[in-house]
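Take a look at the structure set out below.
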Amino acid sequence: MSELKVYNSYTRQKEVFRPITPGHVGMYVCGPTVSGESHLGHARPYITFDVIYRYLMHLGYKVRYVRNITDAGHFEEEGRAAEDKISKKAVLEKLEPMELVQKYTNLFHWAMKELNNLEPSIEPTATGHIVEQIDMIKKIIADGYAYEVNGSVYFDVKKYSENYPYGKLSGRIVDDLLETTRALEGQEEKRNKGDFALWKAVPPQHIMRWTSPWGQGFPGWHIECSAMSTKYLGTEFDIHGGGMDLLFPHHESEIAQSTICNKHSPARYWIHNNMITVNGRKMGKSYNNQIRLTEMFSGSHPLLAKGYSPMTIRFFILQTHYRSTLDFGNEALQAAEKGLRRLWEAYELLKKFSFDEFPEAKNKELDAKVVALLTDLDDFMNDDFNTAKVLANLFELVPVINSIHDKHQSPDVISTATLNMMKNYFTTYLENILGLTGDHYGDNGKLSGVMNLLIELRKEARAKKDYATSDKIRNQLQQLGILLKDEKDGNVSYSIE
RNA sequence: GGUCCUGUGGCCGAGUGGUUAGGCAGAGCUCUGCAAAAGCUCGUACAGCGGUUCGAACCCGCUCGGGACCUCCA
């Protein structure tokens with residue numbers, strides 16, 4: 001079997017994955033800022049890294065997956081009246097900051113659950129680690145790479161860049177950063193334009209504030225991730241992930257902070273997912289084109305023709321490689337919805353297959369093809385988590401399953417061993433690795449009882465050639481979104497939209 | 001302006017220098033009381049122009065288009 005290779009943003013190439021401690025993987029992923037509701041764009045990294053998390057565990061690694069909650073506000077925009085994002089909205093909504101944080105944290109957790117993302121091993125909050133952040137800032141000052149001005153502390157990028165490659169991760173040229181002509185206000189405290197805040201002093205009316213050696217204030221934008229990743233994963237860990245838009249300045253600055261404090265670049269492998277776009281443009285607050293997850297599920301948004309289930313969204317995202325942009329569109333979402341349904345229904349049929357033992361495949365060629373399609377899956381995942389290819393292969397197996405089920409092919413076209421292999425791989429890949437579920441295809445006991453009754457009545461009507469009645473049952477069920485399917489052997493199955 | 005990414009059939013999207021990605025939609029056929037579902041078959045796409053090569057969607061150059069980051073952003 002092939003080795004796992006991951007694309008490392010830091011080196012810009014695929015590299016064989018080797019954990020620092022054999023058998024163990026430490027992974028840190030930048031979590032949400034809980035000052036607002038998550039939108040579709042947020043679903044991508046958490047699904048991407050959920051699959052990576054699942055796959056690493058599948059490979060037998062013991063993984064510690066840390067994903068933070070950013071619940072301490074940072075500035076809205078550098079230079080502009082440095083307002084605390086969370087407290088600003090809190091005033092508008094007349095809520096306590098922590099009440100707001102709680103609300104959106106709960107909503108985020110709910111969405112993660114709907115999308116079937118596993119919980120991270122540790123989900124630390126920024127507000128819970130103010131002490132660690134302050135300690136880290138002290139250390140950076142002591143080492144001479146940060147300076148205090150009027151109660152705020154800034155990281156000295158120029159000095160750092162004299163000894164370390166600031167800008168390597170994001171492909172930035174330090175001189176450009178230092179000499180940026182960008183007209184920013186309130187920059188006079190900084191020695192150089194490229195410097196970034198480690199601690200920000202706040203005016204008295206600011207709600208979110210903590211006491212520090214430099215006065216009242218709140219931590220800078222990047223220090224929380226450095227502090228929390230160090231605390232829970234150590235000074236050097238395996239994977240650091242997040243959206244591509246975090247490359248600069250967030251991750252670049254994290255590297256700088258950790259390098260000074262820990263004498264180490266924090267992570268070996270930097271993994272970044274690409275963006276979800278709307279009409280080719282990134283979904284984000286800057287463009288005011290976000291569709292909240294609650295809206296995605298319910299369909300209550302002008303851009304949505306209908307609501308899409310969490311699994312449809314998960315599947316939609318996994319059909320694309322995580323490093324490609326993914327364009328939002330109703331047609332694409334509906335294609336995903338139908339495709340997932342077809343795949344899942346075939347999987348359900350496969351699970352129920354039970355035949356006599358067939359040690360020999362009647363169709364050796366087909367048997368070999370099935371085996372090849374299945375063994376490919378491991379290689380695809382090992383090749384930088386290519387979930388798109390995994391799904392493509394699984395789809396190629398759908399006609400094999402359906403044609404056996406429909407008796408277009410006899411069950412012994414493939415061997416029992418291959419059939420079992422297929423069952424195992426489908427479960428492993430669809431459920432365990434890709435994290436898909438079929439829950440919402442409705443199978444609660446009472447409904448199926450009612451359905452069986454209706455199916456029975458319809459069968460009787462058909463037997464009497466009372467097609468008016470049989471069609472009435474079928475058509476009205478269809479209007480309710482329940483599809484009846486007459487199968488070859490006289491059985492009737494149904495699926496719920 | 002700087003750095004980087006990208007342009008694939010109606011839509012979404014994989015992609016290795018030579019062989020079918022896949023999904024959805026569409027067409028035909030089979031099955032069927034009808035329908036649906038399912039099965040089989042099909043379109044032969046790779047922004048444009050050059051070049052490298054026996055051979056390029058995939059390598060190089062140019063042109064045109066789109067995007068990301070450079071500021072909070074997944």
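All values below were derived from every heavy atom in this structure, side-chain atoms included, with hydrogens, water molecules and symmetry-related copies excluded. Reminder, nothing fancy here: chain letters follow the sequence lines and each chain counts from 1. All values reported here derive from a predicted model rather than from experimental measurement.
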(request) For A:Ile276, answer base if it contacts any base atom (sugar-phosphate contacts may also be present), sugar-phosphate if it contacts only those atoms, and nothing otherwise; contact means non-hydrogen atoms under 4.0 Å. (result) base
**OP:** Could you work out the separation of B:rC62 and B:rG55 based on their P atoms and round it to a whole Å?
**Re:** 23 Å
From the candidates B:rG33, B:rA74, B:rA14, the one with an atom nearest any side-chain atom of A:Arg462 is B:rG33
Looking only at B:rG33, B:rC73, B:rA36, the nucleotide nearest the A:Leu483 side chain is B:rA36
Give one of base, sugar-phosphate or nothing for A:His405, where a contact means two heavy atoms less than 4.0 Å apart.
nothing
note: A:Ile313, atom CD1; B:rA74, atom C1'; distance rounded to Å ~ 15 Å
Item to check | 4.5 Å side-chain heavy-atom contact, A:Glu37 and A:Leu293 | outcome: no
Discussion item. Would you say that more than 12 heavy atoms from the other residues, nucleotides or ligands in this model lie under 6.0 Å from the NZ of A:Lys362, or not?
Written reply: no
Assign each of A:Asp327 and A:Pro32 the nucleotide of RNA chain B bearing its closest heavy atom; nearer the 5' end lies the nucleotide of A:Asp327
### Task
Determine the interatomic distance between C1' on B:rC4 and the same-named atom on B:rG23; round to the nearest Å.
30 Å
Other residues, nucleotides, ligands: >12 heavy atoms within 6.0 Å of A:Lys158 NZ: no
- Task: Could you check whether A:Met275 gets within reach of a base, just the sugar-phosphate, or nothing at all, counting any heavy atom under 4.0 Å?
- Result: base
task: Can you label the angle between the A:His251 ring and the A:His272 ring as parallel, tilted or perpendicular, going by 30° and 60°?
output: tilted
Discussion item. Determine whether a donor-acceptor pair (one donor, one acceptor, N or O, separation below 3.5 Å) exists between the side chain of A:Arg44 and the base of B:rA74.
Written reply: no
Classify the side chain of A:Arg12 and the base of B:rC5 as holding, or not holding, a donor-acceptor pair under 3.5 Å.
no
note: A:Leu246, atom CG; B:rA68, atom C1'; distance rounded to Å ~ 12 Å
Pairing partner of B:rA14, by Watson-Crick or G-U wobble and under 3.5 Å for both distances, is none
Practice prompt. Rounded to whole angstrom, note down the P distance from B:rU71 over to B:rG13.
Written response: 29 Å
Regarding the side chain of A:Asn402, the nearest nucleotide among B:rG39, B:rG13, B:rG33 is B:rG39
- prompt: If you look at every strand shown and take non-hydrogen atoms under 4.0 Å, does A:Gly329 touch a base, only sugar-phosphate, or nothing?
  reply: nothing
Letter by letter from the 5' end, nucleotides 20-25 of chain B scores (B base, S sugar-phosphate only, - none; protein heavy atoms under 4.0 Å) -BSBSS
Using Watson-Crick geometry (N1-N3 plus N6-O4 or O6-N4) or G-U wobble (N1-O2, O6-N3), each under 3.5 Å, B:rC59 is paired with B:rG51
Scanning both residues in full, the closest heavy-atom pair of A:Arg314 with A:Val51 reads NH2-CG2, 3.8 Å
Checklist line | Separation between the C1' atoms of B:rC70 and B:rG17, rounded to whole Å | finding: 36 Å
Taking for A:Leu247 and for A:Gly284 the nucleotide of RNA chain B with the nearest heavy atom, the one nearer the 5' end belongs to A:Leu247
Expressed as a whole number of Å, how far does the C1' atom of B:rC46 sit from that of B:rA14? 12 Å
Between CG of A:Leu303 and P of B:rC11 the distance, given in whole Å, is 18 Å
A:Asp376 CG to B:rA14 P, in whole Å, measures 18 Å
When you compare B:rG39 with B:rG66, how far apart are their C1' atoms, in angstrom units rounded to a whole number?
41 Å
Checklist entry - Any side-chain N or O of A:Lys282 less than 4.0 Å from the OP1 or OP2 oxygen of B:rC69? => result yes
Is the shortest side-chain N/O distance from A:Arg281 to OP1 or OP2 of B:rG67 below 4.0 Å?
yes
The single option from A:Gln257, A:Glu254, A:His250, A:Glu252 that satisfies side chain to side chain donor-acceptor pair (under 3.5 Å) with A:His222 is A:His250
- Message: If the threshold is 4.0 Å, N to carboxylate O, is there a salt bridge linking A:Asp376 and A:Lys389?
- Response: no
(request) Return no unless some side-chain N or O of A:Tyr287 is found under 4.0 Å from OP1 or OP2 of B:rA68. (result) yes
Rounded to whole Å, CZ of A:Arg458 lies from C1' of B:rG33 at a distance of 11 Å
Subject >> Between B:rG28 and B:rA35 - P atom distance, rounded Å >> reply: 13 Å
Q | Side-chain ion pair, A:Asp486 and A:Arg458, N-O less than 4.0 Å | A | yes
In whole angstroms, the gap separating C1' of B:rC11 from CZ of A:Phe316 amounts to 11 Å
Using Watson-Crick geometry (N1-N3 plus N6-O4 or O6-N4) or G-U wobble (N1-O2, O6-N3), each under 3.5 Å, B:rG39 is paired with B:rC29
Practice prompt. Compare side-chain N and O positions of A:His408 against OP1 and OP2 of B:rG39 and report whether any pair is under 4.0 Å apart.
Written response: no
From the candidates B:rA14, B:rA38, B:rC70, the one with an atom nearest any side-chain atom of A:Asp406 is B:rA38
If you count every heavy atom of other residues, nucleotides or ligands that lies below 6.0 Å from A:Lys113 atom NZ, does the total exceed 12? no
Classify the side chain of A:Asp471 versus the base of B:rG33 as yes if they form a donor-acceptor pair under 3.5 Å and no if they do not. yes
A:Pro399 and A:Glu396 have their tightest heavy-atom pair at CD-O, 3.4 Å
* Asked: Is the shortest side-chain N/O distance from A:Thr48 to OP1 or OP2 of B:rA74 below 4.0 Å?
  -> no
For this session: Could you give the distance separating B:rG43 and B:rC11 at their C1' atoms, to the nearest angstrom?
Result: 15 Å
Whole-Å distance, A:Tyr467 OH to B:rA36 P, equals 17 Å
Scanning all shown strands, the Watson-Crick or wobble mate of B:rG65 with both distances under 3.5 Å is B:rU6
inquiry  = Any donor-acceptor pair, under 3.5 Å, between the side chain of A:Asp486 and the base of B:rA35, if you only look at N and O atoms?
reply    = yes
Please determine whether a side-chain nitrogen of the Lys or Arg among A:Lys369 and A:Glu365 lies less than 4.0 Å from a carboxylate oxygen of the Asp or Glu. no
A:Phe328 atom CZ is separated from B:rA74 atom P, nearest whole Å, by 19 Å
